Structure formats: structure tokens, C-alpha cells
Amino acid sequence: MKNVLAAFVVGLLFALGLGISGMTQPQKVIGFLDMDAWDPSLIFVMIGAVGIHALFYPLIIKRNKPVLDDKFYIPENKSVTAALVAGAFIFGVGWAIGGFCPGPAIVSLASGQSSAFIFVAMMLLGMTVYYGFAKLFPHEK
């Protein structure tokens, strides 16, 4: 139960951060990608997030285990595969077309934006297609 409560609180803080920074508005992403009327606010949000991570991650990982679990779950696979590159490309295209990445899209569902519902539906469709392909073509190692 503590894990569920912690996940809820962290998700709520993430959602508040996205909302306060304006990252739930696709216009922010489009403004970042538009070189004619460039809006640099997205890069400041990224710098803030990366800075906080860079500051606290080394301190957290020094612990023997997380506060609410028995071990850290850190990805160990560092290889760049064709599937990873293809997935990153599809993610970027979806982000540029929809103006959302998954977190802000899910947070934006609460605002009732139809574009958020369409994006999340397409994201779920993409995940379903991915799992279908993953069964047919196992991952590269």
C-alpha cells in the first residue's frame, strides 16, 4: 500500500510540475520546434529536470536499496538497437505531430482537451501494435 501511495504522490507532483510549467499545452512544444517564433520555455523545463536529477541521483543511488522497495530497478541494457532507434523516431514524430509526450498527454486528459484524448488513444494503439510485433519478432539482444 505504501508503494501505491508513493506512486500516487510522485505522479501528482509530476502532473503539477507539467501543468505549472505549461507542458500540457501542445502550443509550448510547437513553439519550441517553430524556429520563426521560437519559445525556449521547454528547454528551461528540461534543464530544470536534468539538473535536479543530476544533483540527487548520485545521492540516492548510494543507498543500499530504495526506501519503499528491496532493490533499484535500473536498466542494464546499454546497446543501441534498430528497434530502439525506430522506437525513438516514432516517439519523436508522434511528439512533433501531437505536441504531447506521454506524461503531459495523460495529465491533459483531466482538462478534457480532445487532442489529449486522441493522442492517448493513438499512443495505446501504438503500444498494442508494438506488443503484437514484439511477439512476432523477438527483441534484438
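Note: hydrogens, waters and symmetry copies are ignored here, and every other heavy atom, side chains too, is used. Keep in mind the model is a prediction, meaning the values are calculated, not measured.
Taking OH of Y131 as the reference point, atom CG of L136 lies at 15.0 Å (rounded to 0.5 Å). Expressed to the nearest 0.5 Å, how far CG of L125 lies from CE of M127 amounts to 11.0 Å. The CH2 atom of W95 lies 7.0 Å from the CZ atom of F32; values are rounded to the nearest 0.5 Å. Atom CG of L55 is separated from atom CD1 of I60 by 9.5 Å, given to the nearest 0.5 angstrom. Considering CD1 of I97 and CD1 of I30, their distance stands at 11.0 Å, rounded to 0.5 Å. Rounding to the nearest 0.5 Å gives a distance of 14.0 Å between CZ of F119 and OG of S114.
The local environment of NZ in K65 is crowded, with over 12 non-hydrogen atoms from other residues, nucleotides or ligands closer than 6.0 Å. Residue N64 places its CG atom among 12 or fewer non-hydrogen atoms of other residues, nucleotides or ligands, all under 6.0 Å distant.
A distance-only check finds no donor-acceptor pair linking the side chain of S108 to the backbone of A116 [under 3.5 Å].
Contact between L68 and N3 at its shortest, heavy atoms only, is O-OD1, 2.8 Å. Nearest heavy-atom pair, V45 versus S21, reported as atom, atom and distance to 0.1 Å: CG2-CB, 3.6 Å. Listed here is the closest heavy atom pair of V29 and G99: CG2-O, 3.3 Å. Looking at every heavy atom in both residues, I106 comes nearest to M123 through CD1-CE, 4.1 Å.
Side-chain contact check for I90 versus Y130: every heavy-atom pair is 4.5 Å or farther apart. Counting only heavy atoms from C-beta outward, the side chains of V107 and M23 never approach each other to under 4.5 Å.
Every pair passing salt bridge (Lys or Arg N to Asp or Glu O under 4.0 Å) that includes a residue from residues 20-41 is listed here, sequence neighbours excluded: K28-D39.
Hydrophobic clustering places I43 together with M35 (ILVMFWY residues linked when any side-chain heavy atoms are closer than 4.5 Å, directly or through intermediates). By the criterion of side-chain heavy atoms lying less than 4.5 angstrom apart, applied directly or through intervening Ile, Leu, Val, Met, Phe, Trp or Tyr residues, F56 is grouped together with F72 in one hydrophobic cluster. Each of F100 and F91 belongs to its own hydrophobic cluster when Ile, Leu, Val, Met, Phe, Trp and Tyr are linked at side-chain heavy-atom distances under 4.5 angstrom. Cluster annotation: I61 and L59 are assigned to the same hydrophobic cluster (Ile/Leu/Val/Met/Phe/Trp/Tyr, side-chain heavy-atom contacts under 4.5 Å, transitive). No path of Ile, Leu, Val, Met, Phe, Trp and Tyr side chains, each step under 4.5 Å between heavy atoms, connects L13 with I52, placing them in separate hydrophobic clusters.
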